[in-house]
A.B. asks: 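Supplied in structure tokens, the structure appears directly below.
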Amino acid sequence: MEPTYLTVEQAAEHIQVSKKTIRRWMDDGRLIGRYFGPGVIRIRLDDLENLPETTRADTDNTNA
């Protein structure tokens, strides 16, 4: 089965955090962003849904 990929915005909406939080988690290595070209970043849905609860609890809860 093919993996499902989300944009940064879709990933943020899916787990109700900000895009900034998703990018911070990628910078910190907590979440893997895959690059499909210049400026094209996608996040696997499985990776997002398998984030530890401690990571999800560490959010800024804004949708900026």
A.B. asks: Tell me, please, which residues at least two apart from D28 pass side-chain hydrogen bond (donor to acceptor under 3.5 Å, both in side chains).
C.D. replies: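 Here the qualifying residues are R30.
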A.B. asks: Within this structure, what is the CD-CD1 distance for the pair E13 and I22, rounded to the nearest 0.5 Å?
C.D. replies: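 These two atoms lie 10.5 Å from each other.
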A.B. asks: In Å, rounded to the nearest 0.5 Å, how long is the span from CD1 of I15 to CG of L48?
C.D. replies: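 Between atom CD1 of I15 and atom CG of L48 there are 4.5 Å.
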A.B. asks: Spell out, yes or no, whether Y35 and L45 are grouped together once hydrophobic residues are joined by side-chain heavy atoms under 4.5 Å, including indirect joins.
C.D. replies: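 In one cluster with Y35: L45, yes.
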A.B. asks: Hydrophobic cluster membership, with links at side-chain heavy-atom distances under 4.5 Å among I/L/V/M/F/W/Y: are Y5 and V8 in one?
C.D. replies: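 Cluster IDs for Y5 and V8 differ.
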A.B. asks: Go through the structure and list residues passing salt bridge (charged side-chain N to carboxylate O under 4.0 Å, His left out) with D46, not counting sequence neighbours.
C.D. replies: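 D46: salt bridge (charged side-chain N to carboxylate O under 4.0 Å, His left out) contacts with R44.
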A.B. asks: Between CZ of R42 and CZ of R34, what distance do you get to the nearest 0.5 Å?
C.D. replies: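 With rounding to 0.5 Å, CZ (R42) is 13.0 Å from CZ (R34).
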A.B. asks: Passes side-chain contact (heavy atoms from CB on, under 4.5 Å), M26 versus I43? Steps please.
C.D. replies: CA-CA 9 Å; M26 290 189 312; I43 297 145; 4.1 Å; yes
A.B. asks: Output the distance between atom CD1 (I32) and atom CD1 (I41), rounded to the nearest 0.5 Å.
C.D. replies: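 Between I32 CD1 and I41 CD1, I get 13.5 Å after rounding to 0.5 Å.
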